[in-house]
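Structure first, then comments.
The figures here come from the full heavy-atom set of this structure, side chains too, leaving out hydrogens, waters and symmetry mates.
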Amino acid sequence: MSLLLRQVSRNRTIIICTRTASSTASSRYLDGPQDAATIETPDNLTPKQKETLSAAIRIDQAGEIAANWIYRGQYAVLGSDLKTGPVIQEMWEQEKKHLAVMDKLQIQHDARPTALTEVAKIAGFGLGFATALMGKEAAMACTEAVETVIGEHYDDQLRELEHMEPLHSSIPLLRDVIREFRDDELEHLNTAVYHHSQRAPHHALLTTLVEGGCQIAIQLCKRF
């Protein structure tokens, strides 16, 4: 494991861990042999704990659906760009893996999926397509804003689930997956800044609007 230190927006420095695929928690769902941590769910949760777990997975699955469609929209516009196209494609491939794992987690823990799946797809594609039409920097500003909110959201989830770790082996694994995905998303944030997201026209306004939309989406998916 190695560490990457990079200055990003809002005067923050983020440390990113770069990992080999074999060392990641998600590989236990995609590649590794199945065990209690990957196929069972706790049967000793209180109703409140069960809802916390279900809501976490529901929100994260919906977020990965939206992220995939954001990159789909961006790629529809910028996919042929020799510099930006591969960057979008690489981040999109990572989001596809995230969604595959979240789909497995949703089944494992019998979490109710969001009723807003189609809305997430349409809104995600529209956001990605529209910001890409505004230019490469605006597309990267969209990624910067989305990943800022998602990184903070994953940190909140890690704190919420911490007290549930002793209850079942699936919970520490879930927290490891969330931690891994958080680091991936923050790496996307770094990538966006590196590719000049902050040069986008009306950067502050654009990122504020996108961040606000993401925060609203999280609350809607938590409820619905």
So do [Y] and [X] actually touch side chain to side chain, heavy atoms under 4.5 Å?
X    : Y    : value
T24  : S27  : yes
L53  : I171 : yes
K121 : N68  : no
C142 : M134 : no
L174 : M164 : no
E165 : L161 : no
T84  : M140 : yes

Using every non-hydrogen atom in the two residues, find where [X] and [Y] come nearest and quote the distance to one decimal.
X    : Y    : result
A141 : S197 : N-CB, 3.5 Å
C221 : T114 : SG-OG1, 3.9 Å
L78  : A139 : CD1-CB, 3.8 Å

To the nearest 0.5 Å, what is the distance between [atom1] on [X] and [atom2] on [Y]?
X    : Y    : atom1 : atom2 : answer
E95  : Y71  : CD    : OH    : 5.5 Å
Y75  : R72  : OH    : CZ    : 12.0 Å
I122 : L127 : CD1   : CG    : 13.5 Å
Q106 : R58  : CD    : CZ    : 10.0 Å
I39  : K104 : CD1   : NZ    : 11.5 Å
L186 : E152 : CG    : CD    : 9.0 Å

[Y] versus [X], side-chain donor and acceptor atoms under 3.5 Å:
X    : Y    : value
E137 : H195 : no
T143 : E147 : no
D184 : H98  : yes
Y29  : Q34  : no

[atom1]/[X]: more than 12 non-hydrogen atoms of other groups inside 6.0 Å:
X    : atom1 : result
R199 : CZ    : no
H163 : NE2   : yes
E90  : CD    : no

Whether [X] side chain and [Y] backbone form a donor-acceptor pair below 3.5 Å:
X    : Y    : result
T38  : D35  : yes
H168 : S170 : yes
Q157 : A56  : yes
Q49  : T46  : yes
T191 : E187 : yes

For the hydrophobic clusters of this structure (ILVMFWY residues joined by side-chain heavy atoms under 4.5 Å, transitively), does one cluster hold both [X] and [Y]?
X    : Y    : answer
I57  : L45  : yes
L167 : V177 : yes
I150 : I178 : yes
L30  : L105 : yes
L209 : W69  : no

Apply the side-chain contact (heavy atoms from CB on, under 4.5 Å) test between Q61 and each candidate in V101, T117, D103; give the one that qualifies. D103
side-chain hydrogen bond (donor to acceptor under 3.5 Å, both in side chains) between E211 and T207: does it pass, once the steps are laid out? CA-CA 6 Å; E211 288 178 13; T207 54; 4.8 Å; no
Would you call [X]-[Y] a salt bridge at under 4.0 Å N-O?
X   : Y    : result
R28 : D176 : no
K97 : E180 : yes
K48 : E51  : no
K96 : E93  : yes

When the ring centroid of F129 is compared with that of F125, is the distance short of 6.0 Å? yes
Is there a side-chain hydrogen bond (donor to acceptor under 3.5 Å, both in side chains) between E144 and H203? Walk through the geometry before answering. CA-CA 10 Å; E144 176 195 348; H203 171 268; 2.8 Å; yes
What verdict does the side-chain hydrogen bond (donor to acceptor under 3.5 Å, both in side chains) test give for H153 and D60, after you've listed the backbone C-alpha separation in whole Å, the side-chain angles of each residue and the deciding distance to 0.1 Å? CA-CA 9 Å; H153 169 69; D60 294 350; 3.3 Å; yes
For the pair I88 and D81, evaluate side-chain contact (heavy atoms from CB on, under 4.5 Å) and give the outcome as yes or no after the intermediate values. CA-CA 10 Å; I88 293 172; D81 185 279; over 6 Å; no
